[in-house]
Each structure stands twice: as structure tokens, then as C-alpha cells.
Amino acid sequence: MTYQKLDRLDRQILKLIAEDARIPFLEVARACNVSGAAIHQRVQKLTSLGIIKGSQYIIDPEKIGYDTCAYIGLNLKNPENFDAVVEELKKIPEVVECHYTTGNYDMFIKIYAVNNHHLLNIIHDKLQPLGLARSETIISFNSAIDRQMPINDVCEDD
């Protein structure tokens, strides 16, 4: 994979917009001591390079009634069915992440459920029919750290 070299202005912009995706470009420009047009062009460049993957509102699942967060390691009966299983997982709205992994699992997913009973129903009614050999569920009590990747001097080219 090729990595993009970031100069000081790119890193400064990324730090500011990672902290607040709604920050106005003019405020970013003032903080970076450049024009608003320069910020707009840099953000477009960073987006076209795939460094910025968009912006979104972050909804707190607990505030809308999803009190249970679980991580589930999945082992498939037929690992060659990865692609089909992923397509089926995409149809389950409670599945918010899916990762191919090394180690004990073929894939690892993150799920939000209303409660433990809802989680059990998802596992039994939606996951088991996907052809699982076995699964292991880990319930998260709380997220101690949840943040963006830091923009640091390792990416420096100037």
C-alpha cells in the first residue's frame, strides 16, 4: 500500500477537522494562517486521495435505546463463503463493523442491541443461519477510549 506524504498544512488541517468535522473552513484557514480557498483545495485533495473518507454525525447508540454493545468472533463452516456471509451481515442493521481477522476467528463483528435478549435473538435468528461453525460473544460494558487516529510528525515530509 502506498502512503501519502503529508506536509505541515495537511497535518494541521486534519487535526482541526478530526476534532470537529463541522468547523467552518474559514476558521480552519485562520488557525492555519492561509486563505479559505487554500483550505478548500487541500480538503478536496485529501478527500480525493482517500485520506478523508467523508464526515458524519456520530449517534450515541445508548441515547436511542441500544444498551448492549457486543463483539462476536465468527467461525464459518465453509470459510470460502466469506463474501456471501459479509453480504448477509450487511443486511443486519445491528451489525456496525465487520473485520476479517487472523487468529481464532474467520471474522470479528461489532453489534449494538437493545438488551441482552435482543442480542440473543440476533445471534440465534440472524447469525446462526449464516453457516457458523461456532461463535464467541464478548459484551462491552463501556468504551474507555474512542478516538480518531492521531495526526503526528511520523507523516512529515518537510
Side-chain angles (χ1 to χ4, degrees), residues 1-76 79-114 119 122 127 130 135-158:
M1 170 169 272
T2 60
Y3 298 99
Q4 300 297 322
K5 298 240 181 205
L6 301 176
D7 64 17
R8 185 174 326 217
L9 180 57
D10 290 334
R11 289 191 313 278
Q12 195 172 4
I13 292 167
L14 289 172
K15 284 179 185 177
L16 290 165
I17 65 176
E19 289 173 10
D20 179 6
R22 296 180 66 190
I23 188 171
F25 281 180
L26 286 177
E27 193 173 324
V28 174
R30 278 192 289 276
C32 296
N33 203 25
V34 296
S35 71
I39 297 301
H40 184 72
Q41 289 172 345
R42 288 292 185 114
V43 169
Q44 280 186 323
K45 177 191 88 170
L46 293 166
T47 301
S48 69
L49 291 172
I51 294 170
I52 298 174
K53 291 186 171 187
S55 61
Q56 60 186 355
Y57 290 100
I58 307 297
I59 298 168
D60 183 337
E62 287 185 28
K63 301 278 194 233
I64 60 170
Y66 288 85
D67 289 332
T68 301
C69 174
Y71 296 87
I72 304 176
L74 305 177
N75 287 94
L76 306 180
E80 65 272 6
N81 292 342
F82 269 9
D83 294 339
V85 171
V86 169
E87 288 307 310
E88 291 303 311
L89 288 171
K90 287 178 182 178
K91 297 175 185 176
I92 303 170
E94 295 89 351
V95 176
V96 296
E97 291 183 27
C98 176
H99 302 268
Y100 294 122
T101 60
T102 62
N104 294 329
Y105 310 111
D106 294 324
M107 53 182 66
F108 204 70
I109 62 174
K110 180 179 180 180
I111 288 185
Y112 283 105
V114 173
L119 176 62
I122 294 167
L127 297 180
L130 298 180
S135 66
E136 182 176 349
T137 302
I138 302 165
I139 294 178
S140 169
F141 293 128
N142 188 26
S143 174
I145 299 172
D146 185 8
R147 62 183 171 205
Q148 291 273 3
M149 285 298 303
I151 307 302
N152 58 32
D153 294 337
V154 172
C155 305
E156 228 173 302
D157 75 349
D158 52 19

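Throughout, residue positions are numbered sequentially from 1 according to the sequence presented.
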List, one per line, each side-chain donor-acceptor pair under 3.5 Å for residues 48-65, sequence neighbours excluded.
{"unit_1": "Ser48", "atom_1": "OG", "unit_2": "Gln44", "atom_2": "O", "d": "3.4"}
{"unit_1": "Ser48", "atom_1": "OG", "unit_2": "Lys45", "atom_2": "O", "d": "2.9"}
{"unit_1": "Asp60", "atom_1": "OD1", "unit_2": "Glu62", "atom_2": "N", "d": "3.0"}

Residues Cys69 and Tyr71: closest non-hydrogen pair is SG-CE1, 4.1 Å
For a 4.5 angstrom cut-off between non-hydrogen side-chain atoms, does Leu89 reach Leu127? yes
Judged by atom type as modelled, is there a donor-acceptor pair below 3.5 Å linking the side chain of Asp20 to the main-chain atoms of Arg22? yes
Those residues at least two apart in sequence (or on a different chain) that pass salt bridge (charged side-chain N to carboxylate O under 4.0 Å, His left out) with Glu87 are Lys90
Can you confirm whether Asp7 sits close enough to Arg42 that some side-chain heavy atom of one is under 4.5 Å from a side-chain heavy atom of the other? yes
Holding to side chain to side chain contact (heavy atoms under 4.5 Å, CB included), I want the full list of residues that pass it with Gln41, two or more places apart in sequence or in another chain. none
Can you tell me how far apart SG (Cys32) and CZ (Arg8) are? Round to the nearest 0.5 Å. 11.5 Å
Applying side chain to side chain donor-acceptor pair (under 3.5 Å), name anything that partners Glu88, two or more places apart in sequence or on another chain. Lys91
Quick check: do Ile139 and Leu119 have side-chain heavy atoms less than 4.5 Å from each other? yes
At their closest point, which heavy atom of Ser135 faces which heavy atom of Leu74, and how far apart are they? CB-CD2, 3.9 Å
Hey, what do you get for CZ (Arg30) to CD1 (Ile23), rounding to the nearest 0.5 Å? 9.0 Å
Would you be so kind as to tabulate the donor-acceptor pairs closer than 3.5 Å made by side chains of residues 99-111, with sequence neighbours excluded?
{"unit_1": "His99", "atom_1": "NE2", "unit_2": "Glu97", "atom_2": "OE1", "d": "2.8"}
{"unit_1": "Thr101", "atom_1": "OG1", "unit_2": "Tyr105", "atom_2": "O", "d": "2.9"}
{"unit_1": "Tyr105", "atom_1": "OH", "unit_2": "Glu136", "atom_2": "OE1", "d": "2.5"}
{"unit_1": "Asp106", "atom_1": "OD2", "unit_2": "Leu76", "atom_2": "N", "d": "2.7"}
{"unit_1": "Lys110", "atom_1": "NZ", "unit_2": "Tyr112", "atom_2": "OH", "d": "3.4"}

Sequence neighbours excluded, which residues qualify as ring pair (Phe, Tyr, Trp, His ring centres under 6.0 Å) partners of Phe25? His40
Starting from the C-alpha separation in whole Å, work towards a yes-or-no answer on side-chain contact (heavy atoms from CB on, under 4.5 Å) for Leu6 and Leu46. CA-CA 9 Å; Leu6 301 176; Leu46 293 166; 4.0 Å; yes
Hey, what do you get for SG (Cys98) to CD1 (Ile72), rounding to the nearest 0.5 Å? 11.0 Å
